[in-house]
Amino acid sequence: MSVNPSLVSQMLDNDLAAAKVLLELLQRETELLKNRQHTELESTLSVKAEHLNVLDAHARERTSLLLSLGLANDSDGWLEYMQSTPSLTPLIAKWQEIQSVITQCNQQNTKNGKLINRSQQTLSRILDLVKGKSAGDNLYNAKGVTTRSVNSGNAVKA
């Protein structure tokens, strides 16, 4: 099965553009999370979803092609296909650039996940303080799972 090299080139151009925008959005998301500008995150999330959809659609197309050829359904399989198809070998550098940008996206996304987790922990501690609970209120039950002590009273009443 052969593919049109210009279509593959266009698909890779679209993937590279989407991956670069996604990286920029993830970097912007990092700044928003650091500055606790949570209301601005909503617009970033919807734009991120659009670019992820482009990447996902093209990944499904590549998967379909690779499976039909009996090749591995991963980055190495696609690289093998490109290397074995003379009309696609000039596009290998573009494919490798896409992989590099996606790796950066994954690293940035991991960083953002850690920021979100820390933010959730901080919010949980603040809510516990408002409810009159302290960090020392955690107890372990017979199964070794932490539970909250029920002896804490509310520090603030509405």
Side-chain angles (χ1 to χ4, degrees), residues 1-128 135 138-148:
M1 173 184 241
S2 74
V3 295
N4 182 336
S6 63
L7 290 177
V8 172
S9 180
Q10 182 62 42
M11 179 174 60
L12 293 178
D13 286 341
N14 291 342
D15 282 354
L16 184 57
K20 285 181 175 181
V21 171
L22 185 60
L23 181 58
E24 290 172 9
L25 290 168
L26 287 165
Q27 291 167 339
R28 169 97 173 111
E29 184 177 78
T30 300
E31 292 307 311
L32 292 173
L33 288 167
K34 283 181 181 179
N35 296 323
R36 299 181 192 261
Q37 296 172 320
H38 302 290
T39 54
E40 293 180 35
L41 282 173
E42 287 181 44
S43 63
T44 304
L45 293 175
S46 63
V47 176
K48 263 180 26 180
E50 291 172 21
H51 294 285
L52 285 169
N53 288 338
V54 168
L55 292 170
D56 185 52
H58 291 162
R60 283 193 307 268
E61 289 177 33
R62 283 190 296 275
T63 296
S64 200
L65 175 65
L66 291 173
L67 291 175
S68 72
L69 296 170
L71 296 171
N73 180 24
D74 58 13
S75 178
D76 292 335
W78 184 249
L79 186 59
E80 180 184 339
Y81 174 68
M82 291 177 76
Q83 289 171 336
S84 69
T85 307
S87 60
L88 296 180
T89 53
L91 301 175
I92 290 173
K94 193 180 296 186
W95 173 248
Q96 291 170 333
E97 184 179 1
I98 292 167
Q99 294 304 299
S100 173
V101 174
I102 288 176
T103 297
Q104 291 174 49
C105 287
N106 286 331
Q107 292 168 345
Q108 194 68 42
N109 193 52
T110 298
K111 183 178 180 180
N112 290 353
K114 289 177 182 178
L115 285 171
I116 290 169
N117 187 33
R118 276 190 234 134
S119 209
Q120 288 174 332
Q121 289 173 350
T122 301
L123 182 60
S124 178
R125 286 187 194 121
I126 290 170
L127 287 172
D128 284 349
N138 287 337
L139 301 175
Y140 290 92
N141 64 18
K143 295 179 182 177
V145 177
T146 59
T147 59
R148 295 278 188 189

Could you pull out the closest heavy-atom pair between [X] and [Y], with the gap in Å?
X      : Y     : result
Ala18  : Val54 : CB-CG1, 4.1 Å
Ile102 : Ala19 : CG1-CB, 4.1 Å
Pro90  : Pro86 : CD-O, 3.7 Å
Trp78  : Leu66 : N-CD1, 3.8 Å

Tell me whether [X] contacts the main-chain N or O of [Y] through its side chain, where contact means a donor paired with an acceptor under 3.5 Å.
X      : Y     : answer
Asn35  : Glu31 : yes
Ser100 : Gln96 : no
Asn4   : Ser6  : yes
Thr85  : Met82 : no

(message) Give me each pair satisfying salt bridge (charged side-chain N to carboxylate O under 4.0 Å, His left out) with a member in residues 3-13, each pair once, sequence neighbours excluded.
(response) Asp13-Lys94
My understanding is that only residues two or more places apart in sequence, or in another chain, count here; which of them pass side chain to side chain donor-acceptor pair (under 3.5 Å) with [X]?
X      : value
Thr30  : Gln108, Asn112
Gln10  : Asn14
Lys20  : Glu97
Asn106 : none

Can you tell me how far the [atom1] atom of [X] sits from the [atom2] atom of [Y], to the nearest 0.5 Å?
X      : Y      : atom1 : atom2 : answer
Leu65  : Tyr81  : CG    : OH    : 5.0 Å
Leu79  : Leu88  : CG    : CG    : 11.0 Å
Leu12  : Leu91  : CG    : CG    : 6.0 Å
Gln107 : Gln104 : CD    : CD    : 7.0 Å
Leu32  : Leu25  : CG    : CG    : 10.0 Å
Leu55  : Cys105 : CG    : SG    : 8.0 Å

(request) Apply the test side-chain contact (heavy atoms from CB on, under 4.5 Å) to residues Gln120 and Asn117: give CA-CA distance (whole Å), side-chain angles for both, the deciding distance (0.1 Å), then the verdict. (result) CA-CA 5 Å; Gln120 288 174 332; Asn117 187 33; 4.2 Å; yes
Among residues at least two apart in sequence or on other chains, which ones pass side chain to side chain contact (heavy atoms under 4.5 Å, CB included) with [X]?
X      : answer
Asp74  : Ala72, Asp76
Arg36  : His38, Ser119, Thr122
Ser75  : Trp95, Gln99
Asn109 : Leu26

(message) Listing request: all side-chain hydrogen bond (donor to acceptor under 3.5 Å, both in side chains) pairs with a residue in residues 46-55, at least two apart in sequence or in separate chains.
(response) Glu29-Lys48
(message) Assess the residue pair Leu7 and Glu61 against the criterion (side-chain contact (heavy atoms from CB on, under 4.5 Å)); give the C-alpha distance rounded to whole Å, side-chain angles, the decisive distance to 0.1 Å, and a yes or no.
(response) CA-CA 12 Å; Leu7 290 177; Glu61 289 177 33; over 6 Å; no
(message) Restricting to salt bridge (charged side-chain N to carboxylate O under 4.0 Å, His left out), what partner residues turn up for Glu40, sequence neighbours left out?
(response) Arg28
(request) Return the set of residues passing salt bridge (charged side-chain N to carboxylate O under 4.0 Å, His left out) with Lys34 (not counting sequence neighbours), or none when no residue passes. (result) none
(message) Tell me whether the count of non-hydrogen atoms from other residues, nucleotides or ligands lying under 6.0 Å of CD in Gln121 goes above 12.
(response) yes
(request) Evaluate the side-chain proximity of Gln37 to Leu41: yes if any heavy-atom separation is below 4.5 Å, no if none is. (result) no
